[in-house]
Each structure stands twice: as structure tokens, then as C-alpha cells.
Amino acid sequence: MILKGKVWKFGDDISTDHIAPGRYFHLRTNLPELAKHVLEDAREDFASKVQKGDIIVARRNFGLGSSREHAPRIIKLAGVSAIIANSFARIFYRNAVNIGLPLIEIKEVDNIDEGDVLEIDLQNGIVRNTTKNEEYRFIPMPKFMLDVIGEGGIENYIQKYGDYKL
Amino acid sequence: MGKTIAEKILSVKAGKDVLPGEIIVAKVDLALVQDGTGPLTVEVFDKFGFKKVKPSKSVLFIDHAAPSPRKELSNAHNILRDFSKRTDAMVSDVGEGVSHQIMAERYVKPGDLLVGADSHTCTGGALGAFSTGMGSTDLALAFGLGKVWLKVPETFLFNLKGKLPKGVYSKDIILHIIGKIGADGATYKAMEFTGEVLNQLTQEARLTISNMAVEAGAKVGLIPTDETTREYLKMRGREEDFSEIKADPDAKYEKVFDIDVSSLEPVVSFPHTVDNTRTIKEAEGIKVDQVFLGSCTNGRIEDLRIAASILKGKKKNKDLRLIIVPASKEVYLQALKEGLLEIFVEAGGTVMAPGCGPCVGVHEGVLGDGEKVLSTQNRNFLGRMGNPKGEIYLASPATAAATAIEGVITDPRKYLG
Ligand code: SF4
């Protein structure tokens, strides 16, 4: 699977409270409405400007905090095709896999600037920065996770196989 | 090869010897969702066409917004109540308290696999259970299939040595550890705690440590079981739930940290990350507008006792609000019997219904612009308590009580004689 998109840059420690603030708790049963506030506390204009296919690039520990799956869901709903970071918080990582949003850990996030265009090859573990003509390598996800993402998330995966297939 | 506690429990639940890094499917004993994450679980569960919940204890907790402050949340609560009726999942309704506290009091037993759609599900690790937070979809599958996929974590061992000084509590230990290793210092890992300090900690104090494992990024925070664990279960009529859980002597750890607690001082986390820790000396004198004593981290009876012993016969500072939220009905009733609630109210505090209270910024005690709060909860992220223009400091119940009296962050040791 090759993903292509334009970069939005974020810093360290973007928490689930930045992504889906508690004050919108009452919108959790209305994801399209909640998505209008996605990442609002990190960047107010993000939700109104993000475009389909765009890629988020952040630094350390993206998605730390609560288990709210609404966080990766509204990022995906807003059109983001993948998130690249130095590292991810564990529950966020797991939720993203389950809903079919690819996450990539690379060291060179500081080489990437806002607006750069990236191509991501998930199977082979390559990020190509076509703006800067650079390439960054990552360890591809384990097969099970790639399978889940390939199906578009664990919902489709379980509908198809009826169970976890390891 | 010897196993860590995490590897031991997961080997049993997967029905085979597991190794760190391996992806496994494991049988779930206990599963929980709460009112923020549960409605999405219900939606996914229904999409799959599941009819009944499989884990023997499947609980839906109404604790984050209890009682409900607005109609959207009242409707969300009704989704859970309705789900309970048709699937055999239990509901824990308004007035019962925070999921993690109730799980510890009533359901978790050593060796269990507990999964919850709430990040602080790791609290149960203090009872020797592999207890971990995940998402709503995971919980729909845990409810429907009775199993989850898991990556077996590598383990970091924390050897707690020395003697805990007066005025320093398990909250200070875990804040200190997170400050030292960082908010991502144990990401994807199991934390396991050992050492002589465990003998100086009650079961309640241990729950505080495991509760905050996720604040270092960890998947679980495991503590071996012992007589203290047995006693805790016995007091709740659950002695038969006890079993001994500990790592093999030749278990393999990815890293070992020696933590000497003897020289620790009260710790305060500064805004806006939990690992932004300082000693009380660097925090003293900061003026706060609110003190919150409660949450799944420090809303237990022991915490209320510590705070009440400091507040007894005193008044809170007039320029600040003091909010107390017992973590569960059991805690509430006990505090009532011991006269602790009277002490708080006499001191000028307000006692709210058991539950999450102001911790997550959904109702009760939302901060005003530019306000500061000292809270006993586990997180201080920007916007956490309902206002991104507020600032959250984290500390122990003793520090909270001393601060409530003085109106500025205060070293509790001056009130402990
Ligand atoms: S008390 Fe706070 S941290 Fe604990 S479960 Fe409730 S909202 Fe989460």
C-alpha cells in the first residue's frame, strides 16, 4: 500500500486531550461533529484546513493519555491518511491499528517540514520525501497489524475471518 | 527460561508459552467500559451482531459524568443501561464510583486478564492481574469473542529500596519515577515493581502506583501479591480469590531501575505533562484557586484519612475551592462513618458524588481562565480539567490538604508533627 499526502507538523506529547478535548465529551456519540474540533487544542485551524490524504508528522509520544478511540477515529475522519512520529503512546497505537489508520515511527521527523509531500510504502518500510528528495526507513508493522490495516480496520477484518488469525 | 509476571499471566491466558514481542490472542476474564468509551463499544458490538457478553465479569461504568450534566450524556448513559439489559453485562450506575476502584474492591483477582476501555485500567496490576487499557473496538471484541489480541510486552523492573520518609507517599514515588524516566519512558513495556518498600505500602497505596503506570507509557504496572494483598481481599470477603503471583527468580528484564526512596521529598508535577516533576521546595508558594482530592489515583479511604488528619479543626483558605470526591460508594460510606466528610465540610470543602469528579473536565469544578488547581489525580495535560487556559499541578493527598489550608502549594510535612 502506498500513501501520498501533504505534511502537517506537530511537536512532542500531543495528547488525546489535544486531539479530542474533554469539554466535547458530549459529542462522543456524534463523531462527525467531534471531528470539527480535532486537534483544536494543538492547532485551532487544523480541522478547517486539513485535506483528504494529508499526513501528520509529530515528534515524541503522539497520542498519549486516555484510551478514547475517538481520537484516532476523528483524525481519520478528518481525512488524514497516516501519522508519522518519533514514537506513539501505546493505546493510541493500538486504536489506530484497529481502525485502520497507519502509524509510522521514524527518527528523521525533524528533516520533514510542514507542506512537504510524502509517499509512504507500508509493506517495505520506506517514507519518500518528494519535496526534499530524501528517503527514511522504518521497520514495517508485524504481519497481523498490516493485515488489519489492509482490511481497513479490525471491524472488516473480523467480519471477513470471523476471528483473529495469527 | 524464567518469566516476568506479565509473561506468566499471558502464557496462561494464551494457552502457550509466550515471549516478549510476540502477538498473541488471549482469553479475557474481566472487561470494562465507561460512559465516555462505552457507547462506541455498543455500536461496534451491534455491528458484529454479537448477542451476549462472554467474559464472566463484563461491567459498564457510568462514572465520568455521573450524575449527567447534559442531555447528550444522559442519552449516552441510557445506551449503556439498555445494553446491559439485553447482553447480561452489568451496569455500575450513578453513585457507585470510579471503575478502577470498584474493580479492585469487588472483582479483580491475582492472575486475571482484565481489559478496559479506559487507560487507567492498569490500576488492577497492583492486585497481580494483567490489567490494561485499550479502545472501544477492542472492548466490543473482548465482550463478543471473550478474547483480545495483544503484543507481549518486555518488562522493566523497578526495585524500590530504602525507607519511605514521613510525609512521602506512594504518589510521590510514582511521580518521582515518571519524572525520572519520562512520560514515554516505558512505552509499550510492562512495569513490574519489587523491593523492600512494598512491605511499607498498603494495598491502597500500591493501587496508586499501578494506576499511574500508563503515565510512563506502560501497558501494565504489576506488583507481586503477598499477605497484604490477601488481607485486602479477605476484608472484602474475597479471600478465596487470592493466589500468589510473582516473577521467576531468573526472569529476564529489559531494564532494571533501582529507586532509593529514603531521600525522597514530596513531589509535584507542573503543567502540562506528568513528567514535569519538581520537589515540593520548588513548588512552595505557588498560589492555587482550587484543590481537588479524589480520582482513581487518590480517592481511596486511606487518602481521605490522610487529608482529614491535616484538615481536622482547620479551615481552608478563603480564596480557594476545595472539592472532595470519594472514589467509590464503599469509600464514601466509610468516610461518613469515620466522620471524615464532616471534617471536610467543616473545613469549607464540598463533597461530591463518588465518580471521576473534576478529573476529566466534563462537569464539576471546571477551571476558569488563568486558574491553577492542585489535584491528586494522575494527569495534568492541557485542557484536561475542561479549560485549556487552566493549569494543573499534581501531588499527594497530604500536599493537597496542606495546600488547601494555606492557599499556596505547601509542604505537608509541616502539618504532620
Ligand atoms: S478519575 Fe480521572 S483518570 Fe480516573 S477513570 Fe476517572 S477520568 Fe479517568
Side-chain angles (χ1 to χ4, degrees), chain A residues 12-31 33 40-42 44 60-62 64-73 86-100 141-145 148 153-155 157-159 162-166, chain B residues 23-25 35-37 39-40 43-44 47-48 64-65 69-73 75-76 79 116-121 132-138 140-141 144-145 147-149 151 153 182-184 187-189 214-215 217-219 272-273 360-362 366 379 381-388:
Chain A
D12 288 322
D13 292 321
I14 298 295
S15 79
T16 52
D17 285 294
H18 288 104
I19 304 168
R23 63 180 175 281
Y24 301 121
F25 200 86
H26 60 286
L27 294 178
R28 293 213 191 153
T29 43
N30 187 348
L31 289 178
E33 270 307 307
E40 188 172 281
D41 286 350
E44 253 181 65
R60 279 169 59 164
N61 211 14
F62 189 92
L64 79 157
S66 96
S67 68
R68 63 191 76 149
E69 187 178 304
H70 314 72
R73 278 193 188 244
N86 283 137
S87 63
F88 292 93
R90 164 198 156 254
I91 305 180
F92 185 88
Y93 190 95
R94 178 176 180 103
N95 282 337
V97 171
N98 277 337
I99 64 151
M141 287 178 163
K143 183 177 175 303
F144 169 74
M145 295 188 198
V148 170
I154 195 111
E155 262 181 58
Y157 176 98
I158 296 283
Q159 301 282 14
D163 204 340
Y164 307 100
K165 292 268 170 279
L166 292 187
Chain B
I23 294 181
I24 58 163
V25 173
D35 42 348
T37 57
L40 185 54
E43 192 185 316
V44 178
K47 260 198 227 159
F48 282 119
H64 278 57
R70 56 192 299 163
K71 63 179 189 297
E72 294 89 343
L73 293 170
N75 293 336
I79 293 173
D118 190 281
S119 59
H120 295 101
T121 305
T132 189
M134 35 184 78
S136 298
T137 297
D138 280 311
L141 288 166
L145 299 174
K147 47 193 181 178
V148 291
W149 70 270
K151 192 163 168 206
D184 58 355
T187 297
Y188 309 132
K189 310 297 177 190
V214 67
E215 308 309 334
K219 194 166 196 157
H272 297 287
T273 52
V360 71
V362 182
V366 172
R379 277 198 178 137
F381 305 146
L382 186 79
R384 171 76 185 175
M385 292 175 83
N387 187 346

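Order of the sequence lines fixes the chain letters, A, B, ..., with proteins taken first and strands second; residue numbering starts at 1 for each chain.
Between atom CD of residue Q159(A) and atom CD1 of residue I154(A) there is a gap of 11.0 Å, rounded to the nearest 0.5 Å. Between atom CG of residue L73(B) and atom OG1 of residue T29(A) there is a gap of 7.5 Å, rounded to the nearest 0.5 Å. L64(A) contributes atom CG, which lies 10.5 Å from atom CZ of F92(A) (distance to the nearest 0.5 angstrom). Here the CD1 atom belonging to I14(A) is positioned 10.5 Å from the CG atom belonging to N61(A), to the nearest 0.5 angstrom. Within the model, atoms CZ of F144(A) and OH of Y157(A) stand 5.0 Å from one another, a figure rounded to the nearest 0.5 Å.
Using a 4.5 Å cut-off between heavy atoms, F25(A) touches chain B through backbone and side chain atoms alike. With a 4.5 angstrom heavy-atom cutoff, V97(A) touches chain B only via side-chain atoms. At a 4.5 Å heavy-atom cutoff, K189(B) makes no contact with chain A through either its backbone or its side chain. With a threshold of 4.5 angstrom between heavy atoms, T132(B) approaches chain A through side-chain atoms but not through N, CA, C or O. Residue contact with chain B, scored on non-hydrogen atoms closer than 4.5 Å, involves the side chain of S15(A) exclusively. L382(B) touches chain A through backbone and side chain together, each having a heavy atom under 4.5 Å away. Heavy-atom distances place no part of K71(B) under 4.5 Å from chain A, backbone and side chain included. Contacts of Y24(A) with chain B are absent, with no heavy-atom separation under 4.5 Å from either backbone or side chain. Both the backbone and the side chain of I23(B) come within less than 4.5 Å of a heavy atom of chain A. Heavy atoms of P21(A) lying under 4.5 Å from chain B are absent altogether.
The pair D12(A)-R60(A) fails the salt-bridge criterion, with no side-chain N (NZ, NE, NH1 or NH2) lying under 4.0 Å from an Asp/Glu carboxylate O. Salt bridge R73(A)/E155(A): present, at least one basic N to carboxylate O contact under 4.0 Å.
Interface check for chain B: of the options N98(A), L31(A), I99(A), D13(A), the most heavy-atom pairs under 4.5 Å are formed by N98(A). Residue with the most contacts toward chain A among V148(B), T121(B), N75(B): V148(B) (heavy-atom pairs, distance under 4.5 Å). Counting heavy-atom pairs closer than 4.5 Å to chain A, the top residue among L145(B), V360(B), V25(B), L141(B) is L141(B). Among V44(B), T37(B), T137(B), T187(B), the residue making the largest number of heavy-atom pairs under 4.5 Å with chain A is T137(B). Between chain B and the options A71(A), G65(A), G22(A), G153(A), heavy-atom pairs under 4.5 Å are most frequent for G65(A). When R28(A), M145(A), H70(A), H18(A) are compared by the number of non-hydrogen pairs under 4.5 Å with chain B, H70(A) comes out ahead. Of the listed residues D138(B), N387(B), T273(B), V366(B), the one with more heavy-atom pairs under 4.5 angstrom with chain A than any other is D138(B).
Using a 4.5 Å heavy-atom cutoff, the side chains of S119(B) and E215(B) are not in contact. Two residues are said to be in side-chain contact when any heavy atoms from C-beta on lie closer than 4.5 Å; H26(A) and E33(A) fail this criterion.
Contacts of K143(A) classified as salt bridge (Lys or Arg N to Asp or Glu O under 4.0 Å), with partners at least two apart in sequence or in another chain: D147(A).
Applying the salt bridge (charged side-chain N to carboxylate O under 4.0 Å, His left out) test to every pair with at least one member in residues 15-24 of chain A, sequence neighbours left out, gives these pairs: D17(A)-R68(A), D17(A)-R384(B), R23(A)-E40(A), R23(A)-D41(A).
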